Amino acid sequence: MSDIRNEDLKTGTFDTWAVIKAKRAVAVNTVQVKVNHKAATRQAIIVSLRREGYTVETRAQWKAKEPPGSPKRDWDYHGIAIHHAGNSFSCEADSAEQLRKAERIDFEKFGHLSYHYAIGCDGLIYEALDIRNKGAHIAVGNTGVIGIVMLADLSVHGEAYKEEYHEKSLLGKMRGIFDWVPDKVDVVTDEPPEVQIKALFALVKALRTYFPITSLGGHREYQRLATHEGRACPGAYGMILVNMLRNDLKLGGPK
Ligand SMILES: [Zn+2]
């Protein structure tokens with residue numbers, strides 16, 4: 001597969017353990033090599049998607065901003081949370097631009113991008129946060145959960161009120177007014193294009209190959225579990241995708 005670009009992945013060194021079994025008087029034809037390294041797993045996910053024909057932009061390729069300080073680490077992933085970028089995002093815009101915008105918003109809130117992967121409406125898959133680092137996509141519930149964001153607005157008019165705003169205290173309502181007002185006037189929703197859905201399915205399948213993923217859910221499902229709070233994310237269209245993924249890939253919901 002000489003057409004697969006791997007130059008951008010060749011950073012750092014890998015430790016590889018080889019197990020060799022030789023039997024006397026028997027021809028040895030195979031050697032089992034066990035690669036056991038987190039950096040290698042990060043690469044393998046990206047390379048496997050490229051081999052299937054998907055375009056994956058690594059953090060180095062899209063020139064992600066390096067977070068200040070050392071990141072929190074996470075690794076034993078068992079779940080995947082699906083997000084949409086929000087009401088101020090659009091499928092019409094350039095996906096790299098949309099990712100930059102998400103990065104700007106997340107840097108202000110968390111000091112780094114909150115999701116591990118982002119998928120554009122053009123089908124491009126972006127490495128948003130190095131998979132070795134802990135996400136910040138669910139309030140008090142990120143450990144062991146990979147975050148994927150669809151760079152689009154997948155919620156329908158009034159969802160933020162229904163799922164989130166009406167439950168808040170008066171103080172919470174006042175604080176949340178800036179989320180609620182755009183929702184009230186949000187009349188545009190992105191229906192995810194087929195290339196974006198295909199990329200999402202391919203990414204989830206690839207992640208399942210490398211991690212023992214048993215559950216997949218929308219942000220709103222994970223958030224209810226973690227803090228009993230409502231969230232509009234990933235929107236009505238996002239929840240349709242969540243149900244499709246769970247059915248097709250025989251995955252359970254968050255628990
Ligand atoms: Zn979300």
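Note that ligands are numbered from 1 as they come in the structure, with each ligand's atoms numbered from 1 the same way. Treat the numbers as computed from the prediction; the structure is a model and nothing was measured.
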(Q) Show the nearest heavy-atom pair for residues C121 and V195, with the distance to one decimal. (A) O-CG2, 3.4 Å

Q: Quick one: the SG of C233, the Zn ion (ligand 1), ND1 of H83 angle, rounded to 10°, please.
A: 110°

**Q.** Note, I131 side chain near Y117 side chain (heavy atom, < 4.5 Å)
**A.** yes

Q. Is any N, O or S atom of H137 under 2.8 Å away from the Zn ion (ligand 1)?
A. no

Q: Confirm or rule out an N/O/S atom of H219, from backbone or side chain, lying less than 2.8 Å from the Zn ion (ligand 1).
A: yes

Q. Is the closest side-chain donor-acceptor distance between S95 and Y126 under 3.5 Å?
A. yes

**Q.** Ion pair check, E159 and R220, cut-off under 4.0 Å
**A.** yes

